[in-house]
Amino acid sequence: MMLLEMASSAFPSRRAFYDPAADKSISYEELLHAARIKSQVLRESGTQRCVLLDTTNLGIPIALFSSAWAGIPYVPINYRLTLDEIDALLERVQPAYLITDRDREPRYRGRSGLHVATREEFRDAGPINSADDFHWSMEPDEIAVLLFTSGTTGIPKAALMRQRHLCSYILGSVEFMSATEDEATLVSVPPYHIAGIGAILSSVYSGRRVVQMPQFDAIEWLRLVREHNVTTAFVVPTMLARIVKALEGRSTAGLPNLQSIAYGGGKMPKSIVARALELFPDTEFTNAYGLTETSSTITVLGPEEHRNALSSDDPDVRRRLASVGMPLPGIELDIRDAEGNSLPDGSHGEVYVRGDQVSGEYEGRGSTLDSDGWFCTRDAGYIEKNYLFLEGRSDDVIVRGGENLSPGEIEDVLLDHAHVQDAAVIGIPNDEWGESVAAVVCINGSVSVSELQNWVRDRMRSSRVPELIEFWEELPYNETGKLLRRVIRDRLSN
């Protein structure tokens with residue numbers, strides 16, 4: 001609430017959020033007023049959570065800030081889950097005030113433990129006669145957001161982000177009033193993703209107008225950027241790949257006003273980044289890596305590093321394009337082995353992170369930080385000259401004959417081949433070695449299995465050569481750009 005109050009005081013009449021689908025907008029002053037009224041609605045309901053089950057619309061920032069004002073956690077839920085999966089999550093957050101769309105509302109109306117309102121009912125709810133003094137809590141340890149992880153490896157965990165975690169991220173990475181009135185950001189990531197939360201908070205603090213996009217479509221994304229003078233945007237790898245594909249045959253995108261694109265959320269093929277830099281010559285690119293448990297971004301590969309990597313003749317510098325950059329101020333990184341021991345520069349292991357924005361806490365499980373405040377990301381990688389290189393989840397490591405093999409290393413080599421657009425490497429059962437290497441690749445030309453095997457063999461040890469290679473039209477990703485390796489394992493095992 002402090003962030004919104006500062007923005008409303010500095011530029012009250014400036015447009016804060018715009019929903020092109022409804023052709024409606026809200027100013028910073030109006031957002032503050034709406035948050036005040038809706039916080040009363042939430043308090044009077046007697047519930048303990050503000051739950052959002054909806055696509056992106058103007059009610060999203062109102063729900064986020066009104067729940068903060070009311071002193072209850074904001075809980076956005078993935079509307080793409082199955083009905084049974086959604087029911088299971090709702091059971092975990094009751095009693096709750098549920099905001100949803102008209103089509104979903106009848107399913108939940110009348111349920112015990114839920115106060116249900118459509119987005120329109122919540123938006124139009126008037127002020128309540130109350131003796132409330134309208135002061136919000138300034139307690140830093142109050143829970144601000146409860147966000148369910150993607151559940152790509154099991155049942156979703158409910159990550160807790162306290163007020164101090166989110167504010168630390170914003171104050172440490174965003175300059176107040178840094179955006180001019182004509183600057184706008186296009187938000188196409190869903191509201192239940194940490195990038196969606198971060199986009200709201202960082203845009204409010206900087207004073208940047210947010211153009212909302214409920215469902216991503218590459219052609220529509222390009223249209224919105226052009227028509228609404230969008231100056232910055234965040235995309236996940238699958239989105240950028242589709243944007244590049246939509247511009248096939250074009251020399252440039254023709255969007256000189258688009259000053260910057262940040263991307264993250266999953267592994268980005270170097271070929272896609274390189275092509276995007278060609279299509280958007282006036283745009284600065286940033287690779288951002290973060291997790292739900294770290295309140296969004298912890299490392300950044302900035303525009304200058306992108307340019308240097310592409311123009312350099314030094315292979316080590318060029319390779320940095322495959323990294324996620326260097327840690328933000330206030331963030332420390334460490335690479336550790338399976339026993340938790342720190343490893344020297346260049347060693348492969350698990351990525352640990354420490355900083356004020358790092359939560360590492362889950363509802364019902366407590367904090368997972370160690371005694372010195374370090375959080376294990378469960379991501380595998382290594383640090384080279386302060387640049388962090390990721391190699392997938394540590395659970396994805398292939399154990400072949402007692403040797404640990406990194407899928408990410410092999411994927412990077414495959415992606416260096418001119419005809420490989422995307423690649424995924426997994427371990428499959430092998431009677432002799434325990435596991436053997438298998439690869440699924442998407443190609444843009446004519447290439448054989450043996451050619452790709454020889455390509456890897458010439459650049460890595462023979463144990464890393466995929467024994468099985470399949471050609472697929474596309475790899476399975478979830479809506480936030482994470483590669484679904486379990487889907488690949490299931491398909492290969494059938």
Side-chain angles (χ1 to χ4, degrees), residues 49 64 68 72-78 89 92-93 139-174 192-198 201-202 264-266 288-300 324-343 349-383 388 390-397 480 482:
R49 310 282 172 82
L64 173 62
I72 63 175
Y74 171 68
V75 190
I77 288 180
N78 184 350
L89 296 185
R92 293 168 59 179
V93 297
E139 171 54 55
D141 277 327
E142 195 170 80
I143 298 172
V145 176
L146 189 153
L147 204 57
F148 287 102
T149 59
S150 59
T152 54
T153 57
I155 297 174
K157 298 188 292 292
L160 300 181
M161 277 152 285
R162 301 183 183 274
Q163 295 282 350
R164 60 184 172 88
H165 298 132
L166 290 166
C167 286
S168 174
Y169 165 63
I170 297 300
L171 297 176
S173 61
V174 182
Y192 53 81
H193 191 276
I194 185 59
I197 304 289
L201 298 178
S202 59
Y289 162 64
L291 301 91
T292 300
E293 296 89 342
T294 62
S295 309
S296 196
T297 306
I298 54 175
T299 70
V300 165
V324 292
M326 296 184 284
L328 290 175
I331 290 292
E332 298 175 80
L333 297 178
D334 195 24
I335 304 296
R336 300 184 180 182
D337 62 20
E339 286 71 44
N341 302 309
S342 293
L343 298 172
E350 283 190 310
V351 180
Y352 280 68
V353 59
R354 180 168 66 177
D356 289 340
Q357 71 183 66
V358 179
S359 166
E361 184 179 0
Y362 304 98
E363 186 175 55
R365 303 188 183 194
S367 175
T368 60
L369 304 184
D370 69 14
S371 58
D372 294 319
W374 289 95
F375 172 68
C376 179
T377 67
R378 302 299 177 194
D379 282 332
Y382 61 97
I383 296 173
L388 175 63
L390 296 178
E391 301 174 310
R393 300 294 287 173
S394 54
D395 294 342
D396 296 328
V397 170
T480 57
K482 293 186 184 298

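Between Leu166 and Ala144 the shortest heavy-atom distance is CD1-CB, 3.8 Å. Nearest heavy-atom pair across Ile335 and Gly349 is CG2-N, 3.5 Å. Nearest heavy-atom pair across Arg393 and Asp379 is NH1-OD1, 2.9 Å. When all heavy atoms are compared, the tightest approach of His165 to Ser295 is CB-OG, 3.3 Å. Between Met161 and Thr292, the shortest heavy-atom contact is SD-O, 3.5 Å. The shortest non-hydrogen separation linking Val351 to Gly381 is CG2-N, 4.1 Å.
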For Ile77 and Tyr192: C-alpha separation, side-chain torsions, deciding distance, then whether side chain to side chain contact (heavy atoms under 4.5 Å, CB included) applies.
CA-CA 6 Å; Ile77 288 180; Tyr192 53 81; 5.9 Å; no
So Thr299 and Leu328, side chain to side chain contact (heavy atoms under 4.5 Å, CB included) or not? Walk me through it.
CA-CA 5 Å; Thr299 70; Leu328 290 175; over 6 Å; no
Assess whether side chain to side chain contact (heavy atoms under 4.5 Å, CB included) is satisfied between Ile194 and Val145, documenting all intermediate values.
CA-CA 10 Å; Ile194 185 59; Val145 176; over 6 Å; no
Residues Asn78, Leu89; criterion side chain to side chain contact (heavy atoms under 4.5 Å, CB included); working and verdict
CA-CA 10 Å; Asn78 184 350; Leu89 296 185; 5.9 Å; no
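Residues Leu333 and Tyr352 fail the side-chain proximity criterion, which asks for heavy atoms closer than 4.5 Å. Looking at heavy atoms from C-beta onward, Ile383 lies out of side-chain contact with Leu343 at the 4.5 angstrom threshold. Counting heavy atoms from C-beta on, the side chains of Ile197 and Tyr74 come closer than 4.5 Å. In this structure, the side chains of Glu293 and Tyr362 come closer than 4.5 Å at one or more pairs of heavy atoms.
A side-chain donor-acceptor contact under 3.5 Å links Thr368 to the backbone of Gly360. Panel note: side chain Ser202, backbone Gly198; a donor-acceptor pair is recorded below 3.5 Å.
Taken to the nearest 0.5 Å, the OG1 atom of Thr377 stands 7.5 Å off from the CG atom of Leu390. In this structure, Lys157 NZ and Phe148 CZ are separated by 12.0 Å, a value rounded to the nearest 0.5 Å. Considering CD1 of Ile331 and CG of Asp356, their distance stands at 8.0 Å, rounded to 0.5 Å. Interatomic distance, CD of Gln357 versus OG of Ser296, reported as 7.5 Å (0.5 Å rounding). In this structure, CD1 on Ile298 lies 9.0 Å from CZ on Phe375, to the nearest 0.5 angstrom. For the atom pair CG of Leu291 and OG of Ser359, the computed distance is 11.5 Å after rounding to the nearest 0.5 Å.
Using a 4.0 Å cut-off between charged side-chain N and carboxylate O, Glu350 and Arg378 make a salt bridge. Salt bridge Glu361/Arg164: absent, no basic N to carboxylate O contact under 4.0 Å.
Residue pairs that meet the side chain to side chain donor-acceptor pair (under 3.5 Å) test with at least one member in residues 326-339, sequence neighbours left out, are Glu332-Arg354, Asp334-Arg336, Asp334-Ser342, Arg336-Asp370, Asp337-Asn341.
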